[in-house]
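The next block holds one structure in the form of C-alpha cells; read it before the comments.
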2 protein chains.
Amino acid sequence: MADPLETRDRILEATLELISEKGYLGATTREIAHQAGVSELTIFRKFGKKERLFEEVLKTYTFLPRLKDLIPAVENLPVQEALETIGIRFLRTLKERKCFVRIMLSEMNTYPEKVRKAYSQTIEEMVQTLRGYLIRLQAAGQLRDVPLDTAAVFFLRILFTTFMNAEILNQRDLSPAEMESTVSQLVGIFLHGVLAEETAG
Amino acid sequence: MADPLETRDRILEATLELISEKGYLGATTREIAHQAGVSELTIFRKFGKKERLFEEVLKTYTFLPRLKDLIPAVENLPVQEALETIGIRFLRTLKERKCFVRIMLSEMNTYPEKVRKAYSQTIEEMVQTLRGYLIRLQAAGQLRDVPLDTAAVFFLRILFTTFMNAEILNQRDLSPAEMESTVSQLVGIFLHGVLAEETAG
DNA sequence: CTGATATGTAAGCACTTACTTACATTAGCA
DNA sequence: TGCTAATGTAAGTAAGTGCTTACATATCAG
C-alpha cells in the first residue's frame, strides 16, 4: 500500500504523543495503532515488540541542540542580550519538544538508562554550548572567577524548571511574554553575580 | 490479629516504595500486598480501590516544610550563611523524601491534579518561606531591588534540579560534600546578584 | 464463652495486554 | 501478467490486572 517510511513515521509520532500523555505502560499498542491509522499488526511487524517502539521514539525525537548554531550570531552582542537570546531559544526548544520532555520526566524513574542516553544528547550538550560561550567571556575578562560549569548548569536548570512547572505540572501555556520576562529577570540576577566589574570583594 | 493502624501504615509504605519504583500502573496490588506482608484482600478492605491507595499515599507523605521552623534560627546569621543553611536543609529534605519526589515527577503528567495538590503543600510553601526571609532582608536594605518571588523560586529550583539530576536521573548518591559545594556556589552566584552594595548600575 | 473485629486462604471473574497465526488484499515492478 | 512487498482483517493465546466472593482463623473485650 503506502510508503513504508511514512507508515513508520506515523507510528512513531502516535507513540510519542500517547506515551507522553499516558506513560509507557498506559499507552497501549492498540491505541497507538488506531491513532496512527494503522493495523496493530503493522506495529509488531515493523518494531517486533513494544519496548523497541519506545527506544525508537527516544532515538528519533532526541532534539539536536540548535543552541550551537545560535552562538556565532550572538557572540557579538552585549552579554545581557546574548544570554537573553540563548535563554529564549532554550525555552522555545523545550516547548517544541514538550512531548519528548514529558516522556523523559515520566520514565526517568522506570527506565533511567534509556532516558539518560537521550538526556545527555540534548540538555547536557546545551550546557556545554553555553559553558563554551561563558568561558570565552571569562577569557575576555568580562566575568569574574566563578566555576562556569556550575554557572551554565544553573542558568539552564532554572529555565528547565520554569518550563516544567508551567507547561507540565500546571498544564498552562508559557506565553512569549512570560518567557521574556522570566528570562530577563534570570539574566539580571545571573549576570550581576557573574560580571567581573562588580566583584570588588 | 495485629494493630490495624500498623497494618495500614505498612501498606502505605509499601505502596510509596513500589509506585516510586515502577509508577502507578507498574505497581500491582498483588506486589504491594506481598511487600507489606499482607493479604491482597486486606488492601481492598482498607482502601476500596487502588486509586484510593494512591491518593492516600500522596496525602500521607506530603512533607510539611520544616523550612519554616528553620528561619528564626537563621535570621541572625550573615546572609550567606543563612542561605547556605536553608539550601542544605532543602536538599536534605528532598533526599529524605526521595520516593515521594519520584512519584510526583513520574505521575505529574498522568495525574496532574492529584500531584499538584501535593506539590503546593510542599515545595510551594518552601518558596513562600524563603521569599518571606528575603523580603525582610530587602526591607533592611541588604538587597537591591529585584523581584523576590522570582529570586526565591530560582534559588530553590536550582537545588531541586540538582537533586533530580543526581539522585533520580543518574541514580547517584548526592553526598553531603557535594551538597555543600553546590549550595555554596549557588549562594555565591545568587547573592552577588542580589546584594545592594554591588548594584551600582 | 461469646461475639465482634481484623486478617488470612483460595478460587475466580471479567477484562485487558502484548503478541501471534492464518489468510486476504492491494500496489508497484518485471 | 505474475511476483513481491506492504498492509489489512480476524481470531486467538497466555499472562496478567483490579477486584470479588465464600469461608476460615485468630485475637481480644465483655
Side-chain angles (χ1 to χ4, degrees), chain A residues 1-60 99 102-103 106-107 109-111 113-115, chain B residues 1-60 103 106-107 109-111 113-115:
Chain A
M1 255 178 149
D3 183 0
L5 278 182
E6 194 187 294
T7 305
R8 200 187 130 95
D9 287 350
R10 279 212 317 279
I11 294 173
L12 284 176
E13 206 187 314
T15 309
L16 175 78
E17 276 177 32
L18 280 171
I19 292 189
S20 103
E21 264 177 44
K22 317 191 163 188
Y24 175 73
L25 289 177
T28 71
T29 51
R30 269 202 247 296
E31 204 178 351
I32 291 171
H34 179 257
Q35 175 149 334
V38 140
S39 157
E40 195 185 355
L41 179 52
T42 302
I43 291 182
F44 287 104
R45 280 201 271 239
K46 284 201 180 301
F47 296 94
K49 43 188 264 188
K50 191 189 177 186
E51 201 184 342
R52 190 74 211 290
L53 235 191
F54 182 42
E55 294 165 358
E56 220 56 35
V57 161
L58 287 184
K59 250 185 241 163
T60 307
C99 284
R102 278 161 68 166
I103 292 181
S106 290
E107 311 300 336
N109 289 313
T110 25
Y111 310 93
E113 338 76 43
K114 284 174 183 150
V115 170
Chain B
M1 257 180 147
D3 182 0
L5 278 183
E6 194 187 294
T7 305
R8 198 188 132 95
D9 287 350
R10 279 212 318 280
I11 294 173
L12 285 176
E13 206 188 314
T15 309
L16 175 77
E17 276 177 32
L18 280 171
I19 292 189
S20 103
E21 264 176 45
K22 317 192 163 189
Y24 175 72
L25 289 178
T28 71
T29 51
R30 273 203 239 297
E31 202 177 353
I32 291 171
H34 179 258
Q35 175 148 334
V38 141
S39 157
E40 195 185 355
L41 179 53
T42 301
I43 290 183
F44 287 104
R45 280 201 272 237
K46 283 198 180 305
F47 296 93
K49 42 189 266 188
K50 191 190 178 186
E51 201 183 343
R52 191 74 212 288
L53 236 191
F54 181 42
E55 295 165 357
E56 220 55 36
V57 162
L58 287 183
K59 247 185 242 163
T60 307
I103 291 181
S106 291
E107 312 300 338
N109 289 312
T110 24
Y111 309 94
E113 338 76 42
K114 284 176 183 150
V115 170

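Chain A is the first sequence line, chain B the second, and so forth, proteins listed ahead of strands; every chain is numbered from 1.
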Test A:Glu55 against A:Lys59 for salt bridge (Lys or Arg N to Asp or Glu O under 4.0 Å), laying out the working first.
-> CA-CA 6 Å; A:Glu55 294 165 358; A:Lys59 250 185 241 163; over 6 Å; no
When the distance from NZ of B:Lys46 to P of C:dT5 is rounded to whole Å, what number comes out?
-> 13 Å
Under 4.0 Å between any heavy atoms, over every strand shown, what does B:Ala27 touch: base, sugar-phosphate, or nothing? Just pick one.
-> sugar-phosphate
Short side-chain N/O contact from B:Thr7 to OP1 or OP2 of C:dT7, under 4.0 Å | yes
Rounded to the nearest Å, what distance is computed from the CZ atom of residue B:Phe44 to the P atom of nucleotide C:dT9?
-> 16 Å
With B:Glu40, which residues qualify under salt bridge (charged side-chain N to carboxylate O under 4.0 Å, His left out), at least two apart?
-> B:Arg30
What integer distance in Å separates A:Glu31:CD from C:dT16:C1'?
-> 13 Å
Short side-chain N/O contact to D:dG8 OP1/OP2 from A:Thr42, under 4.0 Å = yes
For A:Lys49 and C:dA18, is the shortest distance between a side-chain N/O and OP1 or OP2 below 4.0 Å?
-> no
Which ones in residues 13-21 of chain A lie close to DNA chain D, meaning a heavy atom under 4.0 Å from one of its atoms?
-> none
Earlier contact from the 5' end, DNA chain C, for B:Arg8 and A:Gly48 | B:Arg8
Length of the line joining B:Lys22:NZ and D:dG16:P, which is rounded to integer Å | 12 Å
If only atom types and distance count, is the side chain of B:Ser106 paired as donor or acceptor with the main-chain N or O of B:Ile103 below 3.5 Å?
-> no
5' precedence on DNA chain D between B:Tyr24 and B:Arg45 (nearest-nucleotide basis) | B:Tyr24
Nearest-nucleotide pick for B:Thr28, side chain only, options being C:dA18, D:dT17, D:dG8 | D:dT17
Check the angle between the aromatic planes of A:Phe54 and A:Tyr24 and answer parallel, tilted or perpendicular using the 30° and 60° thresholds.
-> tilted
In whole angstrom, what separates A:Glu40's CD from D:dG8's P?
-> 11 Å
Donor on one side chain, acceptor on other, A:Glu107 and A:Thr110, under 3.5 Å = yes
Is a side-chain N or O of A:Thr42 found less than 3.5 angstrom from the main chain of A:Val38, in a donor-acceptor match?
-> no
Whole Å only: how far is the CG atom of A:Leu41 from the P atom of D:dT7?
-> 11 Å
Looking at every strand, decide which applies to A:Gly37 at a 4.0 Å heavy-atom threshold: base, sugar-phosphate, or nothing.
-> sugar-phosphate
What's the CD1-P distance between A:Ile43 and C:dT20, to the nearest Å?
-> 13 Å
Of B:Thr15, B:Thr7, B:Ile32, the residue whose pairing with B:Ile43 passes side-chain contact (heavy atoms from CB on, under 4.5 Å) = B:Ile32
Can you name the residues that form a salt bridge (charged side-chain N to carboxylate O under 4.0 Å, His left out) with B:Lys49, not counting sequence neighbours?
-> B:Glu51
Separation of D:dT17 atom P from A:Leu25 atom CG, nearest Å, is 10 Å
Side-chain contact check for A:Arg30: nearest option of D:dG18, D:dT7, C:dA18 is C:dA18
Report the nucleotide, chosen from C:dA18, D:dG18, D:dG8, that has the shortest atom-to-atom distance to any side-chain atom of A:Thr29.
-> C:dA18
